[in-house]
J.: 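This is the structure, below, for whatever I ask next.
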Amino acid sequence: MASTSIRTFLGSRLWAPCGRLHQPTSNILSGHHTLEQRLLFSTTSQVAYAKPTSKKGAAPVEPKALLGRPSNNLKIGILGVPNIGKSTFFNALTNSSVPAENFPFCTIDPSEARVVVPDDRITWLTSHYKPQKVTPAFLTVIDIAGLVRGASKGEGLGNAFLSHVRSVDALFHLCRGFEDPGVTHVDGSVDAVRDLETIHDELLLSDMDTLHKIHQEYEKVAQRLGAGKTGNAVEKKKRDDFPTIAKLLAWVEEGKDVRMGDWTNEEIEVINQQYLLTAKPMIYLVNISEQDYLDLAKQPHPVIKRIQDWIDVHHPGDLLIPFSGSFENQLSLFEDAPEEKEMVLEDASKQAGAKITSALPEIVVRGREALNLQQFFTAGPGEVRSWTTRTNTFAPQAAGVIHTDFERGFIMAEVMKMDDLKELGSEAEVKAAGKYYSKGKDYQVEDGDVIFFKFNVTNNKKK
């Protein structure tokens with residue numbers, strides 16, 4: 001059978017390590033804010049691993065393993081105490097209409113929706129190829145019911161709610177930064193840092209309970225088997241994994257989240273089998289009033305400063321994004337009327353004395369980053385489509401996201417950069433400039449790659 005090929009594009013990924021912004025992102029506020037001022041509440045724990053290299057003749061360096069499920073179909077949950085605006089945020093983000101009432105546990109069963117990921121690259125490809133169909137990338141978001149102190153012991157339907165947390169792969173940790181006597185608080189007063197600590201403590205206590213049970217089970221097996229060769233495969237694995245479980249238990253008993261540890265690849269393999277709550281990536285969102293949101297261009301918000309100080313002490317480098325649920329909810333009403341929406345933003349900008357934009361595009365993009373996801377595109381006159389892989393994905397596995405035959409019959413990947421294609425205007429010009437490369441099965445797909453997959457699948461199967 002003749003070999004087959006398909007053109008794919010892998011888009012560039014935005015990320016900002018602490019203290020330095022490598023690429024401009026979609027700012028919540030622009031105008032009077034410098035990039036350095038923006039980073040006051042926009043640092044990130046995202047780790048960008050350099051591509052593994054090795055000297056000629058040496059064994060290849062193993063890429064750093066990632067915490068979490070090895071899947072391209074990952075979900076992010078909205079977490080927080082009751083009555084802080086989680087459902088309002090979910091509705092504005094996903095254009096949904098789940099109940100958002102002024103009483104605790106208005107949300108019991110989690111709501112799920114997909115939101116389009118903003119991406120200028122797919123816009124450029126659409127303009128360039130003028131396809132009949134465009135399919136963007138999506139982020140799956142889950143609205144989880146509010147947790148209260150004692151949830152790890154079953155308070156407030158806590159056990160059921162914690163199981164919802166366990167089912168997602170990353171978390172938007174939402175906290176309340178607005179005062180409104182008409183919106184009750186489960187603890188009787190508004191204190192964002194107290195709420196953060198409540199959620200943090202409950203997730204940590206749940207992991208402690210989980211690890212205590214696993215530790216007891218594995219310890220018995222390890223003591224019984226010893227270093228001998230007796231026991232079945234399952235028992236031997238429990239014995240071999242016991243040191244990692246013991247290390248994990250000691251770590252969380254010190255009050256540390258699993259995600260903050262420096263684990264080996266072998267330890268990460270064990271961690272990923274336990275579905276621990278504090279192993280999930282987390283982005284902090286602070287819901288402030290509309291007026292406070294507009295005033296951010298003029299003066300810092302004291303609640304944001306308190307939360308950032310708490311993050312710097314307990315989870316240094318984690319991302320914090322302020323937004324206004326009431327403001328975003330108003331904007332969402334004009335989703336089908338872009339001209340009127342633009343007028344609302346213009347009026348807000350005049351009032352603030354700086355350009356005001358929605359915070360939601362940045363929140364969506366950062367959510368995908370927290371999941372260690374990246375995009376590539378198939379593009380042509382028939383369709384421009386965005387596909388998703390995790391970082392550190394090798395070329396055959398990236399091809400397999402499109403179709404399993406692409407991975408099974410993978411031959412090679414001819415690679416060029418998206419930026420080069422945009423700059424030079426065509427594949428022919430990229431080749432003429434010497435920026436077209438042939439890569440094999442050991443190539444890790446990088447952000448900004450344009451890939452021409454070649455594959456060959458035969459139908460000869462043994463009977």
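Everything numeric here is computed off the predicted structure, so don't read it as measured data.
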J.: Is it true that Asn329 and Thr88 share a donor-acceptor pair across their side chains at a distance under 3.5 Å?
T.: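 There is no such pair (donor and acceptor under 3.5 Å, judged by atom type) between the side chains of Thr88 and Asn329.
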J.: Salt bridge or not between Arg259 and Asp257? Use side-chain N to carboxylate O under 4.0 Å.
T.: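 Yes, this pair counts.
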J.: With no hydrogens and no angle check, is any side-chain donor or acceptor of Ser127 less than 3.5 Å from a backbone partner on Thr123?
T.: no
J.: Please indicate whether Arg69 has more than 12 foreign heavy atoms, meaning atoms of other residues, nucleotides or ligands, lying under 6.0 Å from its CZ.
T.: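 Count over threshold, so yes.
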J.: Considering all heavy atoms of both residues, which atom of Tyr218 and which atom of Lys238 are nearest to each other, and what is their separation?
T.: CD2-O, 3.4 Å
J.: Test your reading of the model: is there a side-chain donor-acceptor pair from Arg114 to the backbone of Ala137, 3.5 Å cut-off?
T.: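 No: the side chain of Arg114 does not pair with the backbone of Ala137.
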J.: Counting N and O atoms only, with roles assigned by atom type, does the side chain of Ser332 sit under 3.5 Å from a partner on the main chain of Ala92, one being a donor and the other an acceptor?
T.: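 A pair under 3.5 Å: no.
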J.: Are Gln308 and His301 linked by a side-chain donor-acceptor pair shorter than 3.5 Å?
T.: no
J.: Would you call Gln291 and Gln351 a side-chain contact if the rule is heavy atoms closer than 4.5 Å?
T.: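 In contact.
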J.: Report yes or no: do Glu383 and Thr135 form a side-chain donor-acceptor pair below 3.5 Å?
T.: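 Distance-only check passes for Glu383 and Thr135.
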J.: Might you point out which heavy atoms bring Ile356 and Ala348 nearest each other, and give the distance in Å?
T.: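 Minimum heavy-atom separation between Ile356 and Ala348: CG1-O, 3.8 Å.
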J.: With Glu179, which residues qualify under salt bridge (charged side-chain N to carboxylate O under 4.0 Å, His left out), at least two apart?
T.: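 Glu179 satisfies salt bridge (charged side-chain N to carboxylate O under 4.0 Å, His left out) with no residue once adjacent residues are dropped.
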J.: Tell me if the OH atom of Tyr275 is crowded by more than 12 foreign heavy atoms within 6.0 Å.
T.: no
J.: Testing the basics here: between Pro322 and Leu296, what is the closest heavy-atom pair and its distance to 0.1 Å?
T.: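 Nearest heavy atoms, Pro322 then Leu296: CG-CD1, 4.0 Å.
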J.: Is the shortest side-chain heavy-atom distance between Thr140 and Leu74 below 4.5 Å?
T.: no
J.: Taking the side chain as everything from C-beta on, heavy atoms only, tell me whether Ile307 gets closer than 4.5 Å to Cys175.
T.: yes
J.: Do Asp292 and Phe178 have side chains that approach each other closer than 4.5 Å (heavy atoms only, starting at C-beta)?
T.: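 Not touching, per the 4.5 Å side-chain cut-off.
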J.: Rounded to the nearest 0.5 Å, how far apart are CD1 of Ile78 and CD1 of Ile144?
T.: 8.0 Å
J.: What distance do Leu277 atom CG and Arg166 atom CZ have between them, rounded to the nearest 0.5 Å?
T.: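 Answer for the CG-CZ pair, Leu277 versus Arg166, is 4.5 Å.
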J.: Donor-acceptor check, side chain of Thr210 to backbone of Ser206, threshold 3.5 angstrom: yes or no?
T.: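 A pair under 3.5 Å: yes.
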J.: Do other residues, nucleotides or ligands put more than 12 heavy atoms under 6.0 Å from the NZ atom of Lys441?
T.: no
J.: Ignoring hydrogens and geometry beyond distance, is a side-chain donor-acceptor pair present between Ser358 and Glu328 at under 3.5 Å?
T.: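 Present: a donor and an acceptor within the cut-off.
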J.: Measuring only between side-chain heavy atoms, which start at C-beta, is Leu93 closer than 4.5 Å to Val364?
T.: yes
J.: How about His215 and Phe242: are their ring centroids closer than 6.0 Å?
T.: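 Yes; Phe242 has its ring centre under 6.0 Å from that of His215.
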J.: Which pair of heavy atoms, one from Val221 and one from Arg239, lies closest together, and at what distance?
T.: CG1-N, 4.5 Å
J.: Quick one: does Thr94's side chain have a donor or acceptor within less than 3.5 Å of a partner on Val115's backbone?
T.: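 Not at all, since once roles are kept as given, no pair shorter than 3.5 Å links the two residues.
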J.: Look at the rings of His128 and Trp124 and say which category their plane angle falls in: under 30° parallel, 30 to 60° tilted, over 60° perpendicular.
T.: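 Ring orientation, 0 to 90° scale: parallel.
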J.: Could you go step by step and tell me if Val445 and Phe394 meet the side chain to side chain contact (heavy atoms under 4.5 Å, CB included) rule?
T.: CA-CA 6 Å; Val445 172; Phe394 289 95; over 6 Å; no
J.: Would you give the length of the straight line joining atom CD1 of Ile311 to atom NE2 of His173, rounded to the nearest 0.5 angstrom?
T.: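 Going from the CD1 atom of Ile311 to the NE2 atom of His173 covers 9.0 Å.
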J.: If we count only N and O atoms by modelled type, under 3.5 Å, do the side chains of Gln273 and Lys237 hold a donor and an acceptor together?
T.: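 Yes.
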J.: Report the C-alpha distance between Asn272 and Ile268 in whole Å, list the side-chain angles of each, state the deciding distance to 0.1 Å, and finish with yes or no for side chain to side chain contact (heavy atoms under 4.5 Å, CB included).
T.: CA-CA 6 Å; Asn272 287 344; Ile268 289 174; 3.6 Å; yes
J.: Hey, what do you get for OG (Ser386) to CD (Gln375), rounding to the nearest 0.5 Å?
T.: 4.0 Å
J.: Can you list the residues that meet the salt bridge (charged side-chain N to carboxylate O under 4.0 Å, His left out) rule with Lys133, with sequence neighbours excluded?
T.: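 So Lys133 forms no salt bridge (charged side-chain N to carboxylate O under 4.0 Å, His left out) with any residue.
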J.: Sub-3.5 Å donor-acceptor pair from the side chain of Thr393 to the main-chain atoms of Thr389, do we have one?
T.: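 No, because the side chain of Thr393 does not come within donor-acceptor range (under 3.5 Å) of the backbone of Thr389.
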J.: Please report the closest heavy-atom contact between Ile283 and Ala370, naming both atoms and the distance.
T.: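 Heavy atoms of Ile283 and Ala370 come nearest at CD1-CB, 3.8 Å.
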J.: Quick one: does any side-chain atom of Asn91 pair with a main-chain N or O of Ser87 as donor and acceptor, under 3.5 Å?
T.: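 Checked: pair present.
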J.: How long is the span from the CH2 atom in Trp387 to the CG atom in Leu373, to the nearest 0.5 Å?
T.: 15.0 Å
J.: Do the numbers put Arg306 on top of the ring of Trp310, so that NZ or CZ is under 6.0 Å from the six-membered ring centre and no more than 45° off the axis?
T.: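 Verdict for Trp310: no cation-pi partner in Arg306.
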J.: Would you call Thr357 and Glu362 a side-chain contact if the rule is heavy atoms closer than 4.5 Å?
T.: no
J.: In sequence, state the C-alpha distance, the side-chain angles, and the governing distance for Asn287 and Ile84, and then conclude on side chain to side chain contact (heavy atoms under 4.5 Å, CB included).
T.: CA-CA 7 Å; Asn287 184 11; Ile84 59 173; 5.9 Å; no
J.: Could you give me the CA-CA distance, side-chain angles and deciding distance for Glu423 and Lys417, then say whether salt bridge (Lys or Arg N to Asp or Glu O under 4.0 Å) is met?
T.: CA-CA 10 Å; Glu423 179 184 352; Lys417 302 296 181 182; over 6 Å; no
J.: Between Phe172 and Ile363, is there a side-chain heavy-atom distance shorter than 4.5 Å?
T.: yes
J.: Over all heavy atoms of both residues, which pair between Val258 and Leu276 is shortest? Give the atoms and the distance, please.
T.: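 That would be CG2-CD1, 3.9 Å.
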J.: How about Phe327 and Tyr293: are their ring centres within less than 6.0 Å of each other?
T.: yes
J.: So, applying side chain to side chain donor-acceptor pair (under 3.5 Å) with Gln397, which one of Glu407, Arg390, Gln444 is it?
T.: Glu407
J.: Is there a donor-acceptor pair under 3.5 Å between the side chain of Asp143 and the backbone N or O of Phe90?
T.: no
J.: Are His315 and His200 close enough that their ring centres sit under 6.0 Å apart?
T.: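 They qualify: ring centres under 6.0 Å apart.
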J.: Between Phe323 and Phe89, does the ring centre distance come in under 6.0 Å?
T.: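 When the ring centroids of Phe323 and Phe89 are compared, they turn out to be within the sub-6.0 Å range.
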J.: Taking only residues two or more places apart in sequence or in another chain, which ones pass side chain to side chain donor-acceptor pair (under 3.5 Å) with Glu269?
T.: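 Side chain to side chain donor-acceptor pair (under 3.5 Å) check on Glu269 returns nothing, list empty.
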J.: Do Val81 and Arg194 come close enough that some side-chain heavy atom pair is under 4.5 Å?
T.: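 Not in contact.
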J.: Can you confirm whether Lys75 is buried at NZ, in the sense that more than 12 heavy atoms of other residues, nucleotides or ligands lie under 6.0 Å from that atom?
T.: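 Incorrect, the count does not exceed 12.
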J.: What I want to find out is whether Asp312 reaches Lys305 closely enough, with some N-O distance under 4.0 Å, to be called a salt bridge.
T.: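 Lys305 and Asp312: not salt-bridged.
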J.: Quick one: pull up CZ in Phe376 and OG1 in Thr388 and give me the separation to the nearest 0.5 Å.
T.: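 Nearest 0.5 Å value for the CZ-OG1 distance: 8.0 Å.
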J.: In sequence, state the C-alpha distance, the side-chain angles, and the governing distance for Ile271 and Trp263, and then conclude on side chain to side chain contact (heavy atoms under 4.5 Å, CB included).
T.: CA-CA 9 Å; Ile271 293 170; Trp263 311 103; 3.6 Å; yes
